[in-house]
2 protein chains.
Amino acid sequence: MGRLKEFDETKAIDGAVDCFWARGYAATSVRDLAERMGIGGASLYNAYGGKRALFVTALARYADRSMRERIARLEGDGRPKEAIRAFLAEIIERSLADRDRKGCMLVNSALDVAPHDAEIGKVVAGYLDEIRAFFRRNIEAGRSAGQMPRTLDADAVSAHLLGVLTGIRVLARAKPDRALLESVARPALDLLEMPVKPRARRRRS
Amino acid sequence: MGRLKEFDETKAIDGAVDCFWARGYAATSVRDLAERMGIGGASLYNAYGGKRALFVTALARYADRSMRERIARLEGDGRPKEAIRAFLAEIIERSLADRDRKGCMLVNSALDVAPHDAEIGKVVAGYLDEIRAFFRRNIEAGRSAGQMPRTLDADAVSAHLLGVLTGIRVLARAKPDRALLESVARPALDLLEMPVKPRARRRRS
DNA sequence: GGTATTTTGTAGCATTCGATCTAAAATCAT
DNA sequence: ATGATTTTAGATCGAATGCTACAAAATACC
């Protein structure tokens with residue numbers, strides 16, 4: 001039933017992710033893509049439809065391999081507070097180690113694709129919601145387990161954490177400085193800590 | 001001493017700001033720029049040197065008219081806590097009212113220009129530092145005035161506020177939702193509030 | 001082997017990109 | 001008026017853009 005595909009589909013999509021991730025949608029050319037994917041231009045259009053459709057596919061692959069993998073891995077331990085803490089810590093470490101400052105493909109897309117493409121915008125918003133849902137689940141789990149303050153509003157704090165996360169990923173591309181990024185994250189993580197009982201203190205004489 | 005310029009330099013640069021602000025650096029063409037600026041292509045190169053140099057000029061104009069104007073206006077009252085609160089509130093309002101989701105030109109540039117252009121990257125980082133310095137000054141002023149907790153670390157909290165601000169501006173482009181954005185900002189603003197004296201409470205019987 | 005179907009490489013499409021060239025128009029100093 | 005100098009409009013440069021046409025190559029079914 002026709003000639004067989006000769007290229008490695010996994011490697012091809014991973015190559016597309018690398019291109020779009022590093023340079024963004026507009027700045028990536030179809031020829032750049034084809035070369036990195038190890039295929040010819042005709043095969044690209046035959047197999048993936050075109051640049052825009054390929055971007056959607058690559059974004060889904062990124063979400064699967066990067067975001068969902070991290071969520072599944074960190075949430076597996078059943079330690080909700082540690083999961084959230086480790087999530088932010090891992091983002092900071094990766095941002096500092098990322099020599100070419102690619103940042104997060106979802107955040108990058110939220111800024112320079114979503115506003116100009118309603119359809120892709122909804123996809124991106126959906127991925128961001130998944131991250132927020134991760135925060136929300138673990139806040140609720142932490143509250144139930146008595147590891148986080150009962151007063152914590154999971155809905156509101158998950159939004160705050162998503163915003164802080166996003167801010168970190170943006171600032172890391174302009175100022176990849178550990179002290180800065182950790183200072184951004186710290187107060188958000190402190191929200192999750194149980195309030196310390198104020199020690200009885202002697203009155204001043 | 002030569003023919004006089006016929007175009008309005010202020011309107012020209014403002015037009016350039018509009019273009020770069022709405023579409024970003026790469027997606028804006030020199031022809032788009034010339035048309036919006038009300039000049040011909042030759043005049044653009046003669047007066048501003050080229051696309052990249054014009055971008056730097058436009059970015060400086062944006063920083064002056066948007067960021068520094070806001071800082072000066074809000075800081076004038078001598079009410080540091082209110083200045084910070086109003087800053088974030090104003091950003092949220094503008095983001096929600098911004099129908100074409102242009103966001104903040106500085107944040108946009110931090111994400112899709114700074115990583116690929118070291119020189120412009122430093123410029124952008126400098127502008128971000130100005131915003132952080134605004135936060136820092138007002139935290140210190142608020143502490144001195146006894147309106148904010150003495151335990152507040154101005155350096156760290158100013159970084160946190162910058163991150164939260166950046167996150168808001170990015171999320172607003174993908175999900176312009178008031179509840180979301182206000183939830184992102186709230187905990188950061190709560191850091192500035194004086195701790196409430198816990199009321200004496202009757203023991204349960 | 002023959003045929004239908006799919007993939008692949010090559011070439012090329014029209015368009016747009018940033019940038020430049022040329023020459024006419026406009027100004028000031030002399 | 002003349003000359004020097006600058007700005008302007010318009011055409012155009014080579015390169016790159018997303019995409020497609022076309023035919024050769026490779027497979028499965030008969």
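Sequence lines set the chain letters: A, B, ... in the order given, protein chains first and strands last, and positions in each chain run from 1. Because the structure is a prediction, the values reported are computed rather than measured.
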Open item on the list: Pick the closest DNA chain C nucleotide for B:R52 and for A:A47 by heavy atoms, then say which residue is nearer the 5' end.
Closed with: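 Mapping each residue to its closest nucleotide by heavy atoms, the 5'-most match is A:A47.
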Open item on the list: Go nucleotide by nucleotide along DNA chain C from the 5' end; which of B:L4 and B:G50 gets its closest nucleotide reached first?
Closed with: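 Nearest-nucleotide comparison on DNA chain C picks B:G50.
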Starting at atom [atom1] of [X], determine the distance to atom [atom2] of [N], rounded to an integer number of angstrom.
| X | N | atom1 | atom2 | answer |
| --- | --- | --- | --- | --- |
| A:L54 | D:dC19 | CG | C1' | 14 Å |
| A:L44 | D:dT17 | CG | P | 14 Å |
| A:E35 | C:dG9 | CD | P | 13 Å |
| A:N46 | D:dA26 | CG | P | 17 Å |
| A:R31 | D:dT20 | CZ | C1' | 12 Å |
| A:K5 | C:dT5 | NZ | C1' | 14 Å |
| A:R23 | D:dA16 | CZ | P | 14 Å |
| A:M37 | C:dT7 | CE | P | 14 Å |

- [ ] On DNA chain D, check which nucleotide each of B:E6 and B:G2 is closest to and give me the residue with the more 5' one.
- [x]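 Checking each residue's closest nucleotide, the 5'-ward one belongs to B:G2.
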Task: B:Y25 six-ring face occupied by B:K51 cation (under 6.0 Å, within 45°) - done: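 Verdict for B:Y25: a cation-pi partner in B:K51.
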Open item on the list: What I want to check is whether the side chains of B:S95 and B:D98 have a donor and an acceptor closer together than 3.5 Å.
Closed with: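 No.
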If you check the [X] side chain, which of [options] turns out closest?
| X | options | value |
| --- | --- | --- |
| B:A42 | D:dT7, C:dC21, C:dG18 | C:dC21 |
| A:V30 | D:dT8, C:dA19, D:dG18 | D:dG18 |
| A:S43 | D:dT8, C:dT8, D:dG18 | C:dT8 |

Open item on the list: I need the single residue from B:N108, B:D112, B:L111 that forms a side chain to side chain contact (heavy atoms under 4.5 Å, CB included) with A:D112. Which is it?
Closed with: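 One option only clears the test, and that one is B:D112.
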TODO: Would you indicate whether the side-chain heavy atoms of A:I71 and A:R137 approach each other to under 4.5 Å?
DONE: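 A:R137 reaches A:I71 side chain to side chain.
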Open item on the list: Counting distance alone, no hydrogens or angles: does the base of D:dT27 have a donor or acceptor under 3.5 Å from a partner atom on the side chain of A:R3?
Closed with: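 It does not, because no donor-acceptor pair links the side chain of A:R3 to the base of D:dT27 below 3.5 Å.
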Task: Backbone N/O of A:Q147 and side chain of A:K81: donor-acceptor pair under 3.5 Å - done: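 Confirmed, A:K81 side chain pairs with A:Q147 backbone.
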